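For reference, the structure discussed in these notes is given below.
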Amino acid sequence: MDLKNIEEKWNTYWEKNKVFKFDINKLENKKYIMEMFSYPSGSRLHIGHLFNFSIPDSFAKYCIMKGENVFQPMGFDAFGLPAENFAFKTGIHPRESTYNNMEYMEKQLKKAGLNFDWEYTLRTCNPNYYKWTQWLFLKLYERGLAVQKHAPVNWCPSCNTVLANEQVVDGCCERCGSQIIHKNLTQWFFKITDYAERLLEGLDKIDWPEKTKLSQRNWIGKSVGAEVDFLLEKPVEVLVNEKQILNNINFNQKKLIDKITVFTSRPDTIFGATYLVLAPENPITLQITSLTQKQEVENYINSAIKKDEIARQSTTLEKTGVFTGCYAINPANNKKIPIYTADYVLATYATGAVMGVPAHDERDFQFAQKYNLPIIQVIKPLEFYKQESCKDLEKKSNLSNNEKNLKLPYVEDGELINSCQFDGLNNQLAKEKIIQDLEKNGKARKKINYKLRDWSVSRQRYWGCPIPIIHCDSCGIVPVPEKDLPVLLPETMDYHPDGTSPLAKNQEYMNVICPKCGKPARRDPDTLDTFVCSSWYELRYPSANINDKIFDTNLTNKMCPVDYYIGGMEHANGHLLYSRFITKVLFDAGLINFDEPFSKLIHQGMILGPDGQKMSKSKGNVINPDELIEKFGSDAVRLYLIFGFNYVDGGPWNDDGIKNCYKFMERVERFVDKVVDLRLDLNNEKSVANNTRIENLYDVNEKNLDYIRNYTINEYEKNVKAFTFNSAIARIMEFVNALYKYETFENKNVEFLVANTKDLIQLLAPFTPHLAEELWHKFNQDNSVFKSGFPKCDINKLIKDEIEIVVQINSKIVKRINIPTKSTNQEIENIAKKEISNKLMNREILKTIVIPNRLINFIIKI
RNA sequence: GCUGAUGUGGCGGAAUGGCAGACGCACAGGACUUAAAAUCCUGAGAGUUUUAUCGCUCGUGUGGGUUCAAGUCCCACCAUCAGCACCA
């Protein structure tokens, strides 16, 4: 095989004849297939990219052959840290290196035989793209969904920038691994929390992997419960301290505090609440501390904040805390309970205050034990053993022992005790009743909380989309008018990060005239998180060449949602959540008529190194796709990636695998050449004995081959639709084996053989496009194989005259017999009985099970 | 710790509750060849009986269960991987 020539020849041919070109004027049968775009960092394309892209590309080619109008665009997520860091490393300006890398990667992708619709490509660092990212920002601002907040943010001291919660892994920066710290900064946030409920609901209607949906559900973290007010009972010492504080410091709310509001998902346990806990960072904490406890509390708060900076996550699970000196009244039973501060309560979730119910919460239990706080059981297990069928008595007695000294904390459901009028209630029911009761006195209300936090989008870096906001001393925050977009990223400047925004140092950029009042003002010095850029790109792809609006609404409505979206699982709680959020915002804004971006999502697995480890330069197990394509051609690389792995799981790389795929391709080529020769002989009338019927088949061999052909097509299509392409290839291989076999028969029907061979080439085309196109043209075709349609399976041909079924006695196989396909169950039974009469030996048949086309099972007395 | 996924030959991997191991690799044998490679064909889960066939037994991480029938469903456990990590 002259791979290089073949690949070049057909790449040129396809491009020239627009074989894979999407037709924007024929949207009735469109199919939108897209893979997550890649960032053009310095590492170029790796084998994982090819795995990610090749399989959908094959699927796209299959769809094209089935006559669908496939849109398969590709672009580059070009802003952001990887590109910028690469620039620092090489000393090249990020713009230059990014554009170079994109150009190189585009070449690599083309060389890999991936036929994207390059006319619709997007580069997020291109002003005609980020203009619309800025427009999107303003849209969110207009709708009150982009807000500035002074809040503690995750700060990476090494990257010198803010990170979103989703970008923090184990308390470290997901990119460089540095320990993150918390800084109080004024930042832009997108109010994704406003959409928490809808993001949750929307999951039910999309065809995504369950694990991804689950991951998003957990990330959103809905929790249904109640807010409960605990009135304070302040000793004099507390009042003195509080007044001092209010006088001395300019406190946010300059008033006395009379209650603490906690959030709980277990209002049913409120009678067991024996203390309250405030998060150390909660501003209330100091205010309600008594003079005697002040020093201790202050020390604790300081150490907690320090701990937070180092690694609160990795500390031991041992609970610590300090008594504040203040008390509260449990509104359920009016008991006076102490208030503590402890770092196991998070300031950032709900009200930053918790009621401690040691008997029914693991953490509260530990805390109460350590500080000798009362533990009151208010729920007992339902007496379930009565219903439970306990077979051995010993177990039963153990259970009743357990009941006597029930191990606390008990966190399961049960029946209320020690809870006054609620005693005896089922605890789920009690949740409702207790809230209702407290609600009457205005001491509680139903409340839903989410773990999801607002999305922080400000980044103190150069290489990103500038935030289109102007800060004016007299007008405050002023959005850049649409006509002034894009706010261009300045070309030349010192872009090195040093903890403040590089753009802030560029006076030319920073100083502007306020569009509202005309006085001097300053630009926002930050750039946007790159996930903003990638949160809407699928909407723009079809409109990539439209410059006067974000996208053509009409077109986008026809094209979206995306039919197939393919990419890594690692974006489950990041990009994939952000895209859904932005889509919903644009839906609400009336810009689109759908509110989920991706109907179907598929994650590809990961290709590991030959040693079964993640590929990494340091381990030296990286597979370079360029070398492989050079040596074996892109078809063989693709075929191996498809055949050698389960797409969803991935797996370790194996060098032999690709050689074998190459050999298989040669085997196909040899066969096609043989058939082409046979056909020539036929045309030259050299061959006399050959039967050239194509209608009215068959002798037995023809029939067999025809069955396999139809079987192959049928299974192939099933597999392709299920994205189990490796099995589709297996069926093709079987078909090839059958063709080889048929070819050896003396009186083979050459026309029939030719027809089958053409089918084979068509089946192969999505997986080895160049080879298939080359072989196709050996039959003097004047059109591309991809425009030749797709073989059709004749379902009737799948029914054989006879079929082998298994005969079992007591579920053990005793014989395999052939029966006519159309036999009734009774006929099958009769035939089978006769066939194994020697084994049945007239014993009584208790039961007969017939599974048509598969087996018959006689249950007999032994 | 919690949640989820996975566990099948020497290897990659197949199997709507119905013949486990498709397909491929590696392996063995044969044909072709002076020979090798390549190619084409054949064989093959493990064990066991037999001159050989015919058989038989055991086999999908472990132990139970449901079923006429379990890799597949249920329960418990083990191992590996991934995610979450005090969210009250």
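The sequence lines fix the lettering, A, B, ..., with proteins before strands; numbering per chain opens at 1. Since the structure is predicted, the reported quantities are computational estimates derived from the model, not experimental observations.
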Determine the contact category for [X]: base if any of its heavy atoms lies under 4.0 Å from a base atom, sugar-phosphate if only primed atoms, P, OP1 or OP2 are that close, otherwise nothing.
{"X": "A:Gly568", "result": "nothing"}
{"X": "A:Lys815", "result": "nothing"}
{"X": "A:Gly644", "result": "sugar-phosphate"}

Under 4.0 Å: is that the gap between some side-chain N or O of [X] and OP1 or OP2 of [N]?
{"X": "A:Tyr740", "N": "B:C40", "answer": "yes"}
{"X": "A:Arg217", "N": "B:C84", "answer": "no"}
{"X": "A:Lys659", "N": "B:G12", "answer": "no"}

With rounding to whole Å, what would you report as the distance between [N] and [M] at their [atom1] atoms?
{"N": "B:C11", "M": "B:G1", "atom1": "P", "value": "31 Å"}
{"N": "B:A26", "M": "B:A38", "atom1": "P", "value": "9 Å"}
{"N": "B:C27", "M": "B:G45", "atom1": "C1'", "value": "14 Å"}
{"N": "B:G12", "M": "B:G7", "atom1": "P", "value": "12 Å"}
{"N": "B:C73", "M": "B:U16", "atom1": "P", "value": "11 Å"}
{"N": "B:U39", "M": "B:U33", "atom1": "C1'", "value": "11 Å"}
{"N": "B:U8", "M": "B:U60", "atom1": "P", "value": "11 Å"}
{"N": "B:A20", "M": "B:A44", "atom1": "P", "value": "16 Å"}

Roughly, in whole Å, what's the span from [atom1] in [X] to [atom2] in [N]?
{"X": "A:Lys451", "N": "B:G83", "atom1": "NZ", "atom2": "P", "answer": "16 Å"}
{"X": "A:Lys222", "N": "B:C84", "atom1": "NZ", "atom2": "C1'", "answer": "20 Å"}
{"X": "A:Gln216", "N": "B:C84", "atom1": "CD", "atom2": "P", "answer": "13 Å"}
{"X": "A:Asp361", "N": "B:C2", "atom1": "CG", "atom2": "C1'", "answer": "14 Å"}
{"X": "A:Glu715", "N": "B:A15", "atom1": "CD", "atom2": "C1'", "answer": "11 Å"}
{"X": "A:Trp219", "N": "B:A82", "atom1": "CH2", "atom2": "C1'", "answer": "15 Å"}
{"X": "A:Asn646", "N": "B:A14", "atom1": "CG", "atom2": "C1'", "answer": "10 Å"}
{"X": "A:Lys213", "N": "B:C84", "atom1": "NZ", "atom2": "P", "answer": "20 Å"}

Are a donor atom and an acceptor atom from the side chains of [X] and [Y] found within less than 3.5 Å of each other?
{"X": "A:Arg667", "Y": "A:Asn737", "answer": "yes"}
{"X": "A:Thr193", "Y": "A:Asp454", "answer": "yes"}
{"X": "A:Tyr344", "Y": "A:Thr320", "answer": "no"}
{"X": "A:Glu734", "Y": "A:Tyr711", "answer": "no"}

- Message: Measuring centre to centre across the rings, with the benzene-like ring taken for any Trp, is A:Tyr195 within less than 6.0 Å of A:Trp455?
- Response: no

Is there any protein nitrogen or oxygen under 3.5 Å from a nitrogen or oxygen in nucleotides 3-10 of chain B, and what are the pairs?
none

- Query: What one-letter contact string describes nucleotides 16-27 of chain B from 5' to 3', where B marks a base within less than 4.0 Å of any protein heavy atom, S marks contact via sugar-phosphate atoms alone, and - marks no contact?
  - Reply: B-BB--BBSSS-

All ring pair (Phe, Tyr, Trp, His ring centres under 6.0 Å) counterparts of [X], not counting sequence neighbours:
{"X": "A:Phe767", "result": "A:Tyr716"}
{"X": "A:Phe230", "result": "none"}
{"X": "A:Phe263", "result": "none"}
{"X": "A:Tyr349", "result": "none"}

- Message: List the residues meeting side-chain hydrogen bond (donor to acceptor under 3.5 Å, both in side chains) with A:Ser215, not counting sequence neighbours, and say none if there are none.
- Response: A:Asn573

- Counterpart residues, side chain to side chain contact (heavy atoms under 4.5 Å, CB included), relative to A:Met36 (two or more places apart): A:Tyr537, A:Tyr565, A:His571, A:His575, A:Leu576

- Residue list, side chain to side chain contact (heavy atoms under 4.5 Å, CB included) with A:Glu570, at least two apart or on another chain: none

- Query: From B:C41, B:C86, B:A88, pick the nucleotide closest to the side chain of A:Val345?
  - Reply: B:A88

- Message: By the rule that syn is within 90° of 0, classify the base conformation of B:G12 as syn or anti.
- Response: anti

- Between A:Tyr349 and A:Ser215, just flag the one whose closest nucleotide in RNA chain B comes earlier from the 5' side. A:Ser215

Considering every strand shown, what is the Watson-Crick or G-U wobble mate of [N] when both distances are under 3.5 Å?
{"N": "B:C73", "value": "B:G65"}
{"N": "B:G7", "value": "B:C78"}
{"N": "B:C58", "value": "B:G45"}
{"N": "B:C23", "value": "B:G12"}
{"N": "B:U33", "value": "none"}
{"N": "B:C84", "value": "B:G1"}

